[in-house]
Amino acid sequence: MRGTGFAVLEEFGTKIRCLEYGVIKNPPQISVPDSLLAIHNRLLVVISQHRPTVIVLESVIYVQSYSTAIVLGAARGVVLLIAAQHGFPIHEYPPRRVKQAVVGYGGALKNQVAFMVRALLELRETPPSDAADAMAIGLTHLRTPSVPLTKKRKSEKTNSWKNFIETKTQADAATGRRIPFC
């Protein structure tokens, strides 16, 4: 939670580019609630600037420390709350799958992920690892046919895969682009 990476990617046709990325850094002396509030506020600014179409997260990972798991869960909770408040579909990908999709090896190191993200998105500099992870998750999403974790609201009709795919295709065609927020 002291360093929370984010990225906004845009897919237009076969081209993917990064619109913005960064790491929300919270100093150790501020409280956990204040850190969560800082994450919340920064993400709301990014969302209002870029108007993403989906929220993409790394799925819950196994950690050996309970305190680390609680902190990670709290930060994820902030992102999930924002997604729910804005009605964004939510997609999750396991870390090994993200590394496989971006580097070609599920056991890749963080510096390898950052290097490949830089190359794939044609960035001028290698991003910080937390931001590179966010971009890698976004790249994985854009390269993977997926179904959101969130369910359609009752007012939305989705009776079959055919309807879902047609609706999604029409929405993508109408905007000409897809923008995941990771």
Side-chain angles (χ1 to χ4, degrees), residues 1-12 15-61 63 65-95 97-99 101-102 110-111 113-118 120-144 146 148-150 175 177-182:
M1 186 165 29
R2 300 295 172 204
T4 304
F6 70 91
V8 181
L9 304 182
E10 177 183 53
E11 179 184 54
F12 197 83
K15 181 77 173 153
I16 299 173
R17 67 184 182 120
C18 185
L19 301 177
E20 182 178 352
Y21 70 86
V23 178
I24 303 165
K25 294 183 180 181
N26 291 311
Q29 64 268 23
I30 69 171
S31 68
V32 171
D34 287 341
S35 290
L36 295 172
L37 184 59
I39 292 167
H40 178 268
N41 291 341
R42 179 66 179 115
L43 295 180
L44 286 179
V45 169
V46 173
I47 287 170
S48 70
Q49 289 174 339
H50 296 288
R51 303 190 191 285
T53 56
V54 63
I55 299 290
V56 185
L57 298 167
E58 186 173 68
S59 61
V60 178
I61 58 172
V63 291
S65 163
Y66 290 116
S67 60
T68 301
I70 290 168
V71 169
L72 288 174
R76 282 177 51 82
V78 168
V79 177
L80 293 171
L81 175 62
I82 290 171
Q85 287 174 329
H86 288 83
F88 292 128
I90 302 164
H91 298 266
E92 292 187 67
Y93 299 93
R97 183 167 173 197
V98 171
K99 293 173 184 178
V102 174
K110 283 193 170 285
N111 64 337
V113 171
F115 177 83
M116 285 304 297
V117 162
R118 177 183 178 178
L120 292 168
L121 293 173
E122 300 174 0
L123 302 174
R124 292 188 182 129
E125 60 187 27
T126 303
S129 64
D130 289 329
D133 288 348
M135 287 183 262
I137 296 163
L139 285 167
T140 301
H141 175 72
L142 291 172
R143 294 174 165 187
T144 305
S146 56
L149 294 176
T150 55
T175 63
R177 63 185 191 164
R178 297 187 325 167
I179 304 179
F181 180 68
C182 342

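A quick note: this is a predicted structure, and the numbers were derived from the prediction, not measured. Numbering of residues begins at 1 and proceeds along the displayed sequence.
- Annotation for Y21 and P128: closest pair CE1-CD, 4.0 Å, computed over non-hydrogen atoms.
- Side-chain atoms of I24 and L43, non-hydrogen and from C-beta on, do get closer than 4.5 Å to each other.
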Decide yes or no on side chain to side chain contact (heavy atoms under 4.5 Å, CB included) for L80 and L57, but give the supporting numbers first. CA-CA 9 Å; L80 293 171; L57 298 167; 3.5 Å; yes

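- Listed for the R17 side chain is no donor-acceptor partner under 3.5 Å among the backbone atoms of L121.
- One finds the CD1 atom of I137 at 9.5 Å from the CD atom of E92 (value rounded to the nearest 0.5 Å).
- Here the side chain of H86 pairs a donor or acceptor atom with the backbone of I82 at under 3.5 angstrom.
- Residues P27 and S35 form no side-chain contact, since every pair of their non-hydrogen atoms from C-beta on lies 4.5 Å or further apart.
- You'll find the side chain of M135 reaches within 4.5 Å of the side chain of L123, heavy atoms only.
- Of all the heavy atoms in G3 and D130, the pair that sits closest is O-OD2, 3.2 Å.
- In this structure, V113 and A132 approach most closely via the heavy-atom pair CG1-O, 4.3 Å.
- A distance of 5.5 Å separates CD of Q49 from CD of E20, quoted to the nearest 0.5 Å.
- Residues T126 and A114 approach most closely at CG2-CB, 3.6 Å, considering heavy atoms.
- To the nearest 0.5 Å, atom CG of residue D34 and atom CG of residue N26 are 9.0 Å apart.
- Taking every heavy atom of both residues into account, P89 and V54 meet most closely at O-CG2, 3.2 Å.
- Within the 4.5 Å cutoff, no side-chain heavy atoms of V98 are placed close to those of D133.
- Atom-to-atom distance recorded for I30:CD1 and L37:CG is 9.0 Å, nearest 0.5 angstrom.
- Checked against side chain to side chain contact (heavy atoms under 4.5 Å, CB included), L120 has the following partners two or more places apart in sequence or in another chain: V102, M116, L139, R143.
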Please step through side chain to side chain contact (heavy atoms under 4.5 Å, CB included) for the pair T4 and R42, ending with a clear verdict. CA-CA 10 Å; T4 304; R42 179 66 179 115; over 6 Å; no

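- The NE2 atom of H141 sits 8.5 Å away from the CD atom of E11 when rounded to the nearest 0.5 Å.
- Pairing each heavy atom of I47 with each of P52, the nearest pair is O-CD, 3.6 Å.
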